Amino acid sequence: MEFEVISWEHFYQLTLELVEKVLKSGYVPEAIIGVSRGGLVPLRIFSDEFEEPEIGIVRVVFYEDVKKTGREPKIIQDVNVDVSGKRVLVVDDVADTGKSLETVRRHLEKKGAREVKIATVYYKPWSTLKPDYYVKKTEKWIIFPHEIGETVRSLAQKNLKEGGKTLDEFRDMLIDIGLPPMIVDSYLKRLGRLK
């Protein structure tokens, strides 16, 4: 599995580039909706640049594990602002399969949104939905700075199940893919795996 590890600074810069693409397009959203959880950080950054629109959240679940999806995405937290008759911009960190974003788009349209556009920082070429705005295209598994803990826990559990690497080998593997040693150690300690 190939990974792309993103630092906070790099992610912030990429999100600002995404903001710039939306601004240059002339699209003026009346509501900006972040897809929880990956879209919450971009949503916060977008809210600094677009001060007028309502800011909302919708939560959809699809992934069960690293590189493992469920059957169908499900909205488990309805959008918390009225989108009826409004131009809406949906923001998320990545369009991977595209199915979650398609589900969100349909949901917002059923709620009466006049127009729905989608902005993601990353886009995977196999996604069934191509975002209206995106910054980078990749085929790698992205580890965003806001999901390092989730990734370390998931990979640690998988390693334990498969009886794979020793603790030192596992730690080295995480660091080799680009995760910061101090953060890796912090999560491994919390998992009760480091003394």
Side-chain angles (χ1 to χ4, degrees), residues 1-29 31-50 53 55-70 73 87-106 108 115-155 173-181 183-184:
M1 189 182 312
E2 262 195 285
F3 294 97
E4 184 170 342
V5 178
I6 312 300
S7 71
W8 281 108
E9 293 81 9
H10 191 210
F11 187 69
Y12 199 104
Q13 181 58 46
L14 292 173
T15 305
L16 289 176
E17 289 176 32
L18 184 62
V19 166
E20 191 61 30
K21 285 187 174 209
V22 176
L23 288 169
K24 282 184 177 176
S25 77
Y27 186 66
V28 181
I32 302 175
I33 307 299
V35 179
S36 178
R37 298 179 312 168
L40 296 181
V41 174
L43 176 66
R44 175 61 180 91
I45 296 167
F46 266 81
S47 72
D48 282 344
E49 301 300 321
F50 293 86
I55 303 298
I57 297 169
V58 63
R59 184 157 185 212
V60 60
V61 294
F62 190 36
Y63 278 94
E64 295 175 352
D65 202 348
V66 173
K67 293 203 82 143
K68 184 179 178 192
T69 59
R87 286 183 308 275
V88 177
L89 180 67
V90 174
V91 296
D92 205 352
D93 52 7
V94 63
D96 192 331
T97 67
K99 291 181 179 182
S100 293
L101 290 166
E102 286 175 351
T103 298
V104 169
R105 174 180 269 159
R106 282 192 309 271
L108 295 174
E115 185 177 11
V116 178
K117 293 203 175 197
I118 296 178
T120 64
V121 179
Y122 280 83
Y123 162 64
K124 303 277 183 95
W126 51 77
S127 175
T128 58
L129 177 143
K130 185 173 184 179
D132 299 285
Y133 312 97
Y134 66 94
V135 179
K136 284 190 77 176
K137 190 174 181 179
T138 187
E139 294 184 13
K140 295 178 183 175
W141 182 265
I142 307 159
I143 302 176
F144 293 102
H146 48 273
E147 65 180 19
I148 291 174
E150 174 185 339
T151 302
V152 170
R153 279 190 304 275
S154 175
L155 292 175
M173 180 207 70
L174 293 174
I175 292 166
D176 286 347
I177 64 173
L179 295 176
I183 294 173
V184 167

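Given the structure is predicted, the values throughout are model-derived calculations rather than measurements.
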Colleague: For the pair Glu49 and Leu16, evaluate side chain to side chain contact (heavy atoms under 4.5 Å, CB included) and give the outcome as yes or no after the intermediate values.
Modeller: CA-CA 9 Å; Glu49 301 300 321; Leu16 289 176; 4.3 Å; yes
Colleague: Closest approach of Gly98 and Ser127, non-hydrogen atoms and distance?
Modeller: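 Answer, listing the atom of Gly98 first, then Ser127: CA-OG, 3.2 Å.
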Colleague: Between the side chain of Ser154 and the main-chain N/O of Thr151, is any donor-acceptor distance below 3.5 Å?
Modeller: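 No, the answer is negative, given that no donor and acceptor are paired below the 3.5 Å cut-off.
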Colleague: Closest approach of Asp92 and Gly38, non-hydrogen atoms and distance?
Modeller: OD1-C, 3.4 Å
Colleague: Name all residues meeting the side chain to side chain contact (heavy atoms under 4.5 Å, CB included) criterion together with Thr15; count only those two or more places apart in sequence or in a different chain, and write none if there are none.
Modeller: Phe11, Pro42, Ile45, Phe46, Val121
Colleague: Can any side-chain N or O of Ser7 pair as donor or acceptor with the backbone N or O of Pro145 at less than 3.5 Å?
Modeller: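 Checking the backbone N and O of Pro145 against the side chain of Ser7, no donor-acceptor pair under 3.5 Å is found.
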Colleague: Quick one: CG on Leu43 to CD1 on Ile33, what's the gap to the nearest 0.5 Å?
Modeller: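 The CG atom of Leu43 sits 8.0 Å away from the CD1 atom of Ile33.
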Colleague: Taking side chain as C-beta onward, heavy atoms only, is Val28 less than 4.5 Å from Arg87?
Modeller: yes
Colleague: With sequence neighbours left out, write down each residue that passes side chain to side chain contact (heavy atoms under 4.5 Å, CB included) with Pro29, or none if nothing qualifies.
Modeller: Tyr27, Ile32, Phe50, Pro53, Leu89
Colleague: With sequence neighbours excluded, what pairs up with Asp176 under the salt bridge (charged side-chain N to carboxylate O under 4.0 Å, His left out) test?
Modeller: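 In terms of salt bridge (charged side-chain N to carboxylate O under 4.0 Å, His left out), with neighbours along the sequence ignored, Asp176 is linked to no residue.
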Colleague: Should Val41 and Phe144 be marked as a side chain to side chain contact (heavy atoms under 4.5 Å, CB included) after you check the CA-CA gap, both sets of side-chain angles, and the distance that decides it?
Modeller: CA-CA 10 Å; Val41 174; Phe144 293 102; over 6 Å; no
Colleague: Do Ile118 and Tyr133 have side chains that get closer than 4.5 Å, going by heavy atoms?
Modeller: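 No, every pair of side-chain atoms sits at 4.5 Å or beyond.
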Colleague: Atom CD1 of Ile142 and atom CD of Glu147: how far apart are they, to the nearest 0.5 Å?
Modeller: 8.5 Å
Colleague: If you apply the rule side chain to side chain contact (heavy atoms under 4.5 Å, CB included), what do you find for Val35 with Val104, and how did you get there?
Modeller: CA-CA 8 Å; Val35 179; Val104 169; 4.3 Å; yes
Colleague: Before giving the answer on side chain to side chain contact (heavy atoms under 4.5 Å, CB included), spell out for Val88 and Glu115 the whole-Å C-alpha distance, their side-chain angles and the decisive distance to 0.1 Å.
Modeller: CA-CA 6 Å; Val88 177; Glu115 185 177 11; over 6 Å; no
Colleague: Taking the side chain as every heavy atom from C-beta outward, state whether Leu18 and Tyr122 have any atom pair closer than 4.5 Å.
Modeller: no
Colleague: Could you give all pairs that pass the salt bridge (charged side-chain N to carboxylate O under 4.0 Å, His left out) test and reach residues 120-137, with sequence neighbours left out?
Modeller: Glu4-Lys136, Asp96-Lys124, Arg105-Asp132
Colleague: Under the salt bridge (charged side-chain N to carboxylate O under 4.0 Å, His left out) definition, can you give me all pairs with a residue in residues 9-28, not counting sequence neighbours?
Modeller: none
Colleague: Within a strict 4.5 Å, meaning less than it, do heavy atoms of the Val94 and Thr120 side chains meet?
Modeller: no
Colleague: Can you measure from CG (Leu108) to OG1 (Thr103) and round to the nearest 0.5 angstrom?
Modeller: 11.0 Å
Colleague: Between atom CD of Gln13 and atom CH2 of Trp8, what is the distance when rounded to the nearest 0.5 Å?
Modeller: 15.5 Å
Colleague: What distance do Ile6 atom CD1 and Leu14 atom CG have between them, rounded to the nearest 0.5 Å?
Modeller: 6.5 Å
Colleague: Does a sphere of radius 6.0 Å around CZ in Arg37 hold more than 12 heavy atoms from other residues, nucleotides or ligands, not counting ones at 6.0 Å or beyond?
Modeller: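 Atom CZ in Arg37 is not packed in, count stays at 12 or less.
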Colleague: Applying side-chain hydrogen bond (donor to acceptor under 3.5 Å, both in side chains), can you list everything that pairs with Asp93, at least two apart in sequence or on another chain?
Modeller: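 Per chain and number, Asp93 pairs via side-chain hydrogen bond (donor to acceptor under 3.5 Å, both in side chains) with His146.
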